[in-house]
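Have a look at the structure below before the remarks.
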Amino acid sequence: MDRKDYLGQSMMQAVVLPARAAYLIRVGSEPGFRQAVQEASTRWGGMTEPILAVPDNGEIPDELRETVAAAKVEAAVNVDLDDALAQRVAAALGLPCVPIAKIDQAGPARFTCHPLHVNPPVQPSTLPVVAVDGAPLWQVAAAGLLSEDQAEELRPTALAVRPGLPDEYGRNQMYGATHLQSTIAQFGEHRSKAIGSLPAAVWVTDPNDIEDCVAFWNARALRPVSHPGMPMLLLPTGEVQYWLGPAQQLAGMLARPAEFSPDVMLLSRNVPQEHLHEIAEILELQRTDAEVKISEKFPTPALRQPPFTYKTGLDPRSWLLRDREYGLATSFDVHVFAGDASTLRFTSPVHFHTQGSWALVRLWGSPLDGLPRRDCVASLVEPNAQWRGDSIQMHTRAANDYSFALTVPTLAQATEAVLEQASARHALDKGKLGVALQAQADITALLEPGVYEAVIALTTPRSKELLRELRKIRAEGADDAAQLVELASMWGGRAERRYRPTAKLELSPQRASEAAESLCALGWAERGVETNCAQCGVRTFHPFEQTQRRPVCPGCSSPSRYETTADGLSVFYRLDSFVDRASDQGLLPHLLVIAALTEKEPDSYFLPGIDLWFTDQPRGEADVFGLFGGRVLSGEVKTSASQFTTDQLTHDIALSTRLGVDIHLLAAVDTVPQTTREQAAKLCSDAGLDLLVLDKSELRRS
């Protein structure tokens, strides 16, 4: 391919998964719980959808917040809360809210399908059990709930179900033979920090205890799907003793590698301890008071044998609240075009057996590296896309083969999108010079010892010096300062460019020569010689390519000669006029900092100086703004850290906060004192920003 925007072939990953929801019910609402379970029982991934019991005051306990964060759901579904309360709770959880009556028509939760679409069309030898109308709550929580009509509709299909006897709801949980467990077919985590093997969680409840049933439901919803290292079981009080062989059936579930102790956590919110011990006796479990041990290297790899141990008073949440990413994954190759459409084709890792369903597709890979995780950038990839972690998420029809035409924006385009969202208007002023210099050469050369200092030493003093003189002349302040700056910039450009020998670069001889030659290699400086006219007294720089056998003064045309020393011809260096102007405008410290940032994070892009306008506050200016390894960064650069006063820091961090960046940058060419670092860290912490400090130690290569 010969297109200029072609970046080559890259590998990407995709996952396919259902959109999942959290159900909002009133505390103690049995009808709300039943309705939520019935809805979850008809949705792919429904067993992993939490049910949140919301108090009347709308205050969300930490437990509910943690559950939602770990479950990574797409929406909150209002089952039986007041609409205003449900909206307020959903907003506090950072989720869109949809009433349960519209779960399949509106909002992000609708992008899923019935479990029938993803379950293999194989008739099981033993039909899974499901609770039907009127069943006790523990059966509803254990096996799912369908109306008689819903159950009848499934009987001719691969998901044929039946009501069961009480003990079947107990033992079928152990064998994966409940209807609810069928909702997680072809569903799992492609990344998880879950612990591999943990004690089994046997939850005991009174048959219609809503609190225990909700607690069990949510614990199971957070259990890893792909590698369920914590077996879970819900049992009712007053019934287990009448079942056939419950201890033997449980023993089959507990015969696991000896990597933990105890074997069982016996859990309940409301069942008294003495009743838990009675249940344990029926299940032939042996009580232990020993400390919990996880991932112990026991002396033998043999399976645990009866008597199995148990312990009460434990909380499994610390093991369940582990980070995970849902979806079945696949990899594929793609030809990537920068800033243009790239076609992505891959076979779905999920096989859909019927048509007409919906799903979520998430994509990630190196072409998306460096892009900020903002929805304004996701919309550049695909108009309706969103970020989910490091993945681009799209809502789509479920298919066994996917083809997408997606645009991979350049980092410059992504930066522009973030700026457009954060400000009413923005523009590059002197920053245009910096952008042009970044495009011309590899500015990381500024990090080499002595290169930055050489540029500063060779910079022609223009506008700043002239401005200083004009202020002296017009000490009465007749003109506006901005007018004086404009006048200084206009007339300062008329000064002849400075040129110097390496001896005047204020560096050691070796370092001065190396730095000057590095500038020439960049195209930022040129070598030459000097004539000193005896007739008119004018000193003139002559680039080597313009030297003559018999030099003449360019001013008066008199014969002249090139300056020499005892060692031969004197060599001088002069900056390119463009670089000279940029340095005079104060852009070199910005470029030096950008060079250091880019070296730290290659997938980065920065603008060296932007003017910003906002609808609700005055104009601002950022010395550096851009993308730092996928995060938005903005900040200030000073030649001297002493300029970072309290007022300056407060102003700079307020601007970064207003821009909604992730990282505030504080950079100085010299050393930033510890007190300044601590003050900036406190202000950034209060503003919810990360702080990045760069000074002399980070702005030079050793």
| said: In the structure I gave you, are the side-chain heavy atoms of Thr178 and Val130 within less than 4.5 Å of one another anywhere? | reply: no
What one should report as the nearest heavy-atom pair of Pro262 and Thr288 is CB-CG2, 3.9 Å
Residues at least two apart in sequence or cross-chain that pass salt bridge (charged side-chain N to carboxylate O under 4.0 Å, His left out) with Lys72, listed by chain then number, are Asp323, Glu325
query = How about Glu291: does its CD atom have over 12 heavy atoms from other parts shown lying under 6.0 Å from it?
reply = no
Between the CG atom in Leu222 and the CE atom in Met232, the distance rounded to the nearest 0.5 Å is 8.0 Å
Could you tell me if the side chain of Ser192 sits less than 4.5 Å from the side chain of Arg322, heavy atoms only?
no
- Message: Looking at Arg269 and Asp209, is there a salt bridge between them, counting it only when a charged N and a carboxylate O are closer than 4.0 Å?
- Response: no
Notebook entry, point to check: Within a strict 4.5 Å, meaning less than it, do heavy atoms of the Thr309 and Arg304 side chains meet?
Noted result: yes
Q | Beyond-backbone contact of Asn270 with Thr205, side-chain heavy atoms, under 4.5 angstrom | A | no
Between the NE2 atom in His664 and the CD1 atom in Ile653, the distance rounded to the nearest 0.5 Å is 4.5 Å
Give a yes or no on whether the backbone of Gly229 and the side-chain of His227 come within a donor-acceptor separation of less than 3.5 Å.
no
For Ala92 and Arg65 the tightest heavy-atom approach is O-NH1, 3.3 Å
Applying side chain to side chain donor-acceptor pair (under 3.5 Å) to Thr48 and Arg20, what does each step give before you reach the verdict?
CA-CA 8 Å; Thr48 66; Arg20 297 157 44 256; 2.8 Å; yes
State plainly whether the residues Arg34 and Glu30 are in salt-bridge range, i.e. N to O under 4.0 Å.
-> yes
Is a donor on one side and an acceptor on the other found under 3.5 Å between the side chain of Asn78 and the backbone of Pro99? no
* Would you confirm whether Glu168, through its side chain, and Leu165, through its main-chain N or O, come within 3.5 Å as a donor-acceptor pair? => yes
Give a yes or no on whether the backbone of Arg388 and the side-chain of Gln393 come within a donor-acceptor separation of less than 3.5 Å.
-> no
Looking only at heavy atoms, the pair that brings Ala71 and Tyr326 closest together is O-CE1, 3.3 Å
So, the side chain of Gln139 versus the backbone of Ala131: is there a donor-acceptor pair under 3.5 Å, distance only? no
So that I know where these two stand, are Trp44 and Phe352 an aromatic pair - ring centroids less than 6.0 Å apart? yes
Would Cys213 and Phe33 satisfy side chain to side chain contact (heavy atoms under 4.5 Å, CB included), going step by step from the backbone distance to the final call?
CA-CA 9 Å; Cys213 287; Phe33 179 72; 4.0 Å; yes
query: Less than 4.0 Å between a side-chain N and a carboxylate O, is that true for Glu74 and Arg110?
result: no
| message | I'd like to know whether NE2 of His351 has more than 12 heavy-atom contacts from other residues, nucleotides or ligands below 6.0 angstrom. | response | yes
Residues at least two apart in sequence or cross-chain that pass salt bridge (charged side-chain N to carboxylate O under 4.0 Å, His left out) with Asp83, listed by chain then number, are none
- Item | Pro236 side chain reached by Val240 side chain, heavy atoms, under 4.5 Å | yes
Exercise for the section: Consider only side-chain N and O atoms of Tyr23 and Glu39, and report whether a donor and an acceptor are under 3.5 Å apart. Expected result: no
Worksheet item: CG of Asp315: more than 12 outside heavy atoms within 6.0 angstrom?
Response: yes
(message) Can you confirm whether Arg171 sits close enough to Leu250 that some side-chain heavy atom of one is under 4.5 Å from a side-chain heavy atom of the other?
(response) no
Between Ala21 and Pro50 the two heavy atoms that sit nearest each other are O-CD, 3.7 Å
Salt bridge (Lys or Arg N to Asp or Glu O under 4.0 Å) between Asp603 and Arg631: does it pass, once the steps are laid out? CA-CA 10 Å; Asp603 289 319; Arg631 306 180 73 197; over 6 Å; no
- Item | Heavy-atom side-chain proximity of Thr312 to Gln273 below 4.5 angstrom | yes
**Item:** side chain to side chain contact (heavy atoms under 4.5 Å, CB included) between Met394 and Leu363, worked out
**Value:** CA-CA 9 Å; Met394 295 177 294; Leu363 303 161; 3.3 Å; yes
Nearest heavy-atom contact between Asn208 and Leu137 is OD1-N, 3.0 Å
Report task. Taking the six-membered ring of Tyr310 (Phe, Tyr or Trp), confirm whether the NZ or CZ of Arg287 is under 6.0 Å from its centre and within 45° of its axis. Result -> no
Rounded to the nearest 0.5 angstrom, the CG-CG distance for Leu597 and Leu665 is 5.5 Å
Glu59/Arg88 under salt bridge (Lys or Arg N to Asp or Glu O under 4.0 Å): CA gap, chis, key distance, verdict: CA-CA 10 Å; Glu59 294 183 5; Arg88 190 167 79 248; over 6 Å; no
Practice item. Please lay out, stage by stage, how Gln150 and Thr42 fare under the test side chain to side chain donor-acceptor pair (under 3.5 Å). Key: CA-CA 9 Å; Gln150 289 172 326; Thr42 63; 5.2 Å; no
| message | Using a 3.5 Å distance criterion without hydrogens, assess whether the side chain of Gln173 forms a donor-acceptor pair with backbone atoms of Tyr169. | response | yes
> Sub-3.5 Å donor-acceptor pair from the side chain of Asp375 to the main-chain atoms of Trp387, do we have one?
Replying inline: yes
Residue pair Ser29 / Asp80, side-chain donor-acceptor N/O under 3.5 Å: yes
(request) Salt-bridge test for Arg373 and Asp390: reply yes if a basic N is under 4.0 Å from a carboxylate O, no otherwise. (result) yes
Review point. So, Ser182 versus Asn119: side-chain donor-acceptor pair below 3.5 Å or not?
Key: no
Here the gap from Thr112 atom OG1 to Leu360 atom CG, rounded to the nearest 0.5 Å, amounts to 8.0 Å
Before you tell me yes or no, could you show the steps for Leu689 and Asp662 under side chain to side chain contact (heavy atoms under 4.5 Å, CB included), namely the whole-Å CA-CA distance, both residues' side-chain angles and the distance that decides it to 0.1 Å? CA-CA 6 Å; Leu689 301 177; Asp662 304 304; over 6 Å; no
- For Trp217, is the NZ or CZ atom of Arg220 found under 6.0 angstrom from the centre of its six-membered ring and inside 45 degrees of the ring axis? yes
Val672 and Leu666: CA distance, side-chain angles, deciding distance, side chain to side chain contact (heavy atoms under 4.5 Å, CB included) verdict: CA-CA 9 Å; Val672 178; Leu666 184 157; 3.9 Å; yes
d(Glu63 CD, Asn218 CG) to nearest 0.5 Å is 7.5 Å
Practice prompt. Check whether more than 12 heavy atoms from other residues, nucleotides or ligands sit under 6.0 Å from atom CD of Gln241, and answer yes or no.
Written response: yes
Review point. Relative to each other, are the rings of His190 and Trp364 parallel, tilted or perpendicular (30° and 60° limits)?
Key: parallel
Sorted by chain and number, sequence neighbours left out, salt bridge (charged side-chain N to carboxylate O under 4.0 Å, His left out) with Arg324 holds for none
Side-chain H-bond candidate by donor/acceptor type, Ser226 with Glu189, under 3.5 Å = yes
dist Leu198:CG -> Met265:CE (nearest 0.5 Å) comes out at 6.5 Å
For the residue pair Trp203 and Phe216, does the interplanar ring angle fall in the parallel (under 30°), tilted (30 to 60°) or perpendicular (over 60°) class?
perpendicular
*Any side-chain heavy atom of Met12 sitting closer than 4.5 Å to one from Ser331?*
no
